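Notes follow once the structure below has been shown.
The first residue of the sequence shown is numbered 1, and numbering continues consecutively from there. Note that this is a predicted model, so its numbers are computed, not measured. These values consider heavy atoms only, across backbone and side chains, with no hydrogens, waters or symmetry-generated copies.
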Amino acid sequence: MEMDMRAVEDIEIGRDITPPLSPLSFALHDSLVSSHCSCCFSPLPPQPFPPTNSHHVLFYYCSSLCSTSDSPLHLSSAESTLLHLIQSRPSTYPHGDSSDLRAALRLLHSLPATCPAPRISGLLTNRHKLINNHDLRIRDGARAMFLARTMRHAPDDAVWDTATVAPDDAVLEEAVLCLVLTNAVEVQDKTGRTLGISVYDTSFSWINHSCSPNACYRFLVSSPPSQQHSPSLAETPLRIVPGGRATSRIESGVCSKNVLTKECQKYGPRVIVRSIRRINRGEEVTVTYTDLLQPKAIRQSELWSRYRFICSCRRCSASPLTYVDRALEEISAVNFNSSRLSSDISFNRDKATERLTDYVDDAIADYLSIGNPESSCERLEHVLTQGLCDYQPEGNEEKSEISYWLNPLHHLSLNAYTTLASAYKILADDLLTIYSETGNHVLKAFGMIRTSAAYSLLLAGAAHHLFNSESSLVLYVANFWTTAGDSLLYLAKSSLWTDIVRWDRPMSDDSELYHIEKYKCPKCSLIDKFETNSFHDPVTHADFEHVSSEFLDCVTNLTQKVWYFLVHGCRYLGLCKNPIDFCWLDTSKFSNDGEAVAQSTGTKGYSNCGNERSISGSEAEENTNQLRIYIFKVGVHCLLYGEYLASKCYGRHSHLTCHVHNILDL
């Protein structure tokens, strides 16, 4: 029986749908057990508290209260025994992180000794589907759990082996582990860093997935003294109830909802569900279980692999594909062997997608995994500007040179922009660390900082263009606008301007940049809303649309004054006529123009973006101070709009508020 949760009233955008919900079970990721509190997930103090009554110090706490509250469960659930067993004998569970197993042990400790059922405490185990999907991982995990529970009271010198565990011995452990794999969510801190996993009761776990969700969720991760939430949070009513299919509760033979004890509900990371668009009374409330900036095929594959279901939401069921899904997967091909460039050719799209994906993923890995940002930038610029060549057989065994091109809104393009923005910044920092004196290296570093800011702005504009057609992308857009604002402000405040740009007029003091009157805009209310602390006030959908429209008009106008400068020296960015308004976008024209530019320059990718020279006053439309102020204005508006969007997703607990105040010195 499928469960769902529905709104009991009309809910506007940016409203908490639930009060803070306590977890049934939770566990830190293995890599963080020595740096974060195993009870509340907050960072450990310099002198952490060990667990009470334990000779195996594998978990630590931020306070004596956390230690007293959580230590008994760590020991009695065999969680500590399991981690010690895996650390001392890795072959016990050779499948990586054990947080799923440890959360399952905690949950299992609260259950009576009973046979597994399709649902436990109302939560679906999904065992019959998952056991074939992750057979080895689940069976090994269940056996390790059974062994840990058996060993918890045994002498330290006792010898145990998972090979001695019979298949039928760990059936209950297997079912509870499947429950965790099905219902657990990754807990993230305010910066988006994943800390561990947590399982919540039916008020949260019965909320279904959609690729076009109307709600999101956030976590409250804090030490016990800080867990006394504000009155507004504590008084938030539960605005959702089980839908008609769930009101009959659960069929006989299934563990009842009250099976779990309350001891595991007193602490741990709490979750709050919040609306990201208007929800009508009786409408199903949904969240996403996957990355929404992926095309349909990838989303479907990930959902089937992890949860064993095929999504049939509005976005996935659309025929033809929605504009967003078409853009996220659109590629084109150009035949360079014909008498004229032609993009009107047939080609194997699956093969082209596979080749482009492998290339881009490998280029990104150069930066993230190998630590070579220079190679990553060069390869990504190459594929964006020149496409990816392939040779296809034609008649008389001749081969035709085909080049595959990514739509600038393709999900691989967005991944490339994200990587380029970060990698160029790292390259600039490295150059400035090695070469501190004015010279070509400093000039090159400034060019990289500028290119990094341009890619951040392009990423935010591209995501917002998609957001206009799919409002559930608001979380991504909020983060991208914030990052763009950070990058632009970093550029505007850089001390390298005096070394790079030679102007007829002397530069004024940097403090001139930070007067609020210089970045206020009479056509945009963002500054006023931020100054009056009204970002978090309740709004209607119409209000939200009005603020967004004001911002776009304002930032589009300002960007026109600085984009020519930001893209200087970078061919791909130069092809993007406007990073905010994508009406210029024509995939076939973009690919043909891109190749023409590549052929005319005779150079490749990365090198041009880093090469910089002094710019005379005649080459710019504005003097130094005016240009920097315009860049600063764009950065401020991007930052504030990102905070405005984040406030609708996270409420007053958005981590950006203090960050914005610090940057603007308000």
Please determine, by modelled atom types, if [X] and [Y] share a side-chain donor-acceptor pair under 3.5 angstrom.
| X | Y | answer |
| --- | --- | --- |
| Thr194 | His29 | no |
| Ser422 | Tyr367 | yes |
| Glu470 | Ser472 | yes |

Could you tell me whether a side-chain N or O of [X] sits under 3.5 Å from a main-chain N or O of [Y], the two making a donor and an acceptor?
| X | Y | value |
| --- | --- | --- |
| Gln300 | Cys311 | yes |
| Thr482 | Ala478 | yes |
| Thr483 | Asn479 | yes |
| Ser210 | Ser212 | yes |
| Ser67 | Ser63 | no |
| Ser99 | Leu28 | no |
| Ser77 | Leu73 | yes |
| Arg270 | Pro23 | no |
| Arg315 | Cys211 | yes |
| Asp189 | Arg193 | yes |

Item to check | Test log, rule side chain to side chain contact (heavy atoms under 4.5 Å, CB included), inputs Thr68 and Phe49 | outcome: CA-CA 10 Å; Thr68 303; Phe49 292 78; over 6 Å; no

Hey, what do you get for [atom1] ([X]) to [atom2] ([Y]), rounding to the nearest 0.5 Å?
| X | Y | atom1 | atom2 | result |
| --- | --- | --- | --- | --- |
| Asn183 | Tyr307 | CG | OH | 9.0 Å |
| Tyr93 | Ile86 | OH | CD1 | 7.5 Å |
| Tyr650 | Arg274 | OH | CZ | 11.0 Å |
| Phe480 | Leu459 | CZ | CG | 4.5 Å |
| Thr288 | Ile207 | OG1 | CD1 | 12.5 Å |
| Ile138 | Leu181 | CD1 | CG | 5.5 Å |

Mind checking whether [X] and [Y] have side chains closer than 4.5 Å, heavy atoms only?
| X | Y | result |
| --- | --- | --- |
| Leu427 | Cys377 | yes |
| His209 | Thr286 | no |
| Asn214 | Ser275 | no |
| Phe41 | Phe26 | yes |
| Ile240 | Arg6 | no |
| Asp362 | Asp358 | no |
| Pro242 | Met3 | no |
| Tyr200 | Leu24 | no |

Item to check | Residues which pass salt bridge (charged side-chain N to carboxylate O under 4.0 Å, His left out) with Arg326, listed by chain and number, not counting sequence neighbours | outcome: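 Applying salt bridge (charged side-chain N to carboxylate O under 4.0 Å, His left out) to Arg326 gives none.
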
Next on the checklist: Going by the rule salt bridge (charged side-chain N to carboxylate O under 4.0 Å, His left out), which residues pair with Asp30 if we only count those two or more places apart in sequence or in a different chain?
Outcome noted: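 Salt bridge (charged side-chain N to carboxylate O under 4.0 Å, His left out) list for Asp30, sorted by chain: Arg102.
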
Checklist entry - What do the steps show when you test Leu475 against Leu645 for side chain to side chain contact (heavy atoms under 4.5 Å, CB included), and what is the final call? => result CA-CA 8 Å; Leu475 281 166; Leu645 294 178; over 6 Å; no

Looking only at non-hydrogen atoms, find the nearest pair between [X] and [Y] and report the distance.
| X | Y | answer |
| --- | --- | --- |
| Leu412 | Asp361 | CD2-OD1, 4.3 Å |
| Ser413 | Leu384 | OG-CD2, 4.1 Å |
| Pro20 | Ile272 | CA-CG1, 3.7 Å |
| Ala78 | Leu105 | O-CD1, 3.6 Å |

Of all pairs that satisfy salt bridge (Lys or Arg N to Asp or Glu O under 4.0 Å), the ones with a partner from [range], not counting sequence neighbours:
| range | result |
| --- | --- |
| residues 58-75 | Asp70-Arg106 |
| residues 177-187 | none |
| residues 291-304 | Arg299-Asp325 |

Item to check | Full working for side-chain hydrogen bond (donor to acceptor under 3.5 Å, both in side chains) between Tyr359 and Thr357 | outcome: CA-CA 5 Å; Tyr359 184 94; Thr357 300; over 6 Å; no

Checklist entry - Of all residues at least two apart in sequence or in a different chain, which pass the side-chain contact (heavy atoms from CB on, under 4.5 Å) check with Ala215? => result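 Partners of Ala215 by the side-chain contact (heavy atoms from CB on, under 4.5 Å) criterion, ordered by chain and then number, come out as Ile17, Val273, Val285, Val287.
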
Item to check | Which residues share a side-chain contact (heavy atoms from CB on, under 4.5 Å) with Leu44, sequence neighbours left out | outcome: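 Leu44 satisfies side-chain contact (heavy atoms from CB on, under 4.5 Å) with Cys37, Pro48, Tyr60 only.
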
Checklist entry - What do the steps show when you test Arg149 against Glu173 for side chain to side chain contact (heavy atoms under 4.5 Å, CB included), and what is the final call? => result CA-CA 10 Å; Arg149 297 181 76 205; Glu173 286 83 357; 3.0 Å; yes

Test side-chain hydrogen bond (donor to acceptor under 3.5 Å, both in side chains) applied to [X] - qualifying residues, sequence neighbours left out:
| X | result |
| --- | --- |
| Ser375 | Asp366 |
| Lys648 | none |
| Ser471 | Arg277 |
| Glu174 | Arg127, Arg139 |

Item to check | Check against side chain to side chain contact (heavy atoms under 4.5 Å, CB included), Arg143 and Asp169 | outcome: CA-CA 8 Å; Arg143 289 181 178 184; Asp169 288 342; over 6 Å; no

Next on the checklist: Could you walk me through whether Ser42 and His36 satisfy the side-chain hydrogen bond (donor to acceptor under 3.5 Å, both in side chains) test, starting with their C-alpha distance in whole Å, then the side-chain angles of each, then the deciding distance to 0.1 Å, before giving a yes or no?
Outcome noted: CA-CA 6 Å; Ser42 60; His36 285 67; over 6 Å; no

Checklist entry - Is the closest basic N to carboxylate O distance between Lys351 and Asp390 below 4.0 Å? => result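 Here Lys351 pairs with Asp390 in a salt bridge, since their nearest N and O are under 4.0 Å apart.
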
Next on the checklist: For His74, give me all partners under ring-ring contact (aromatic ring centres under 6.0 Å, His included), at least two apart in sequence or on another chain.
Outcome noted: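 ring-ring contact (aromatic ring centres under 6.0 Å, His included) check on His74 returns Phe59, Tyr61.
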
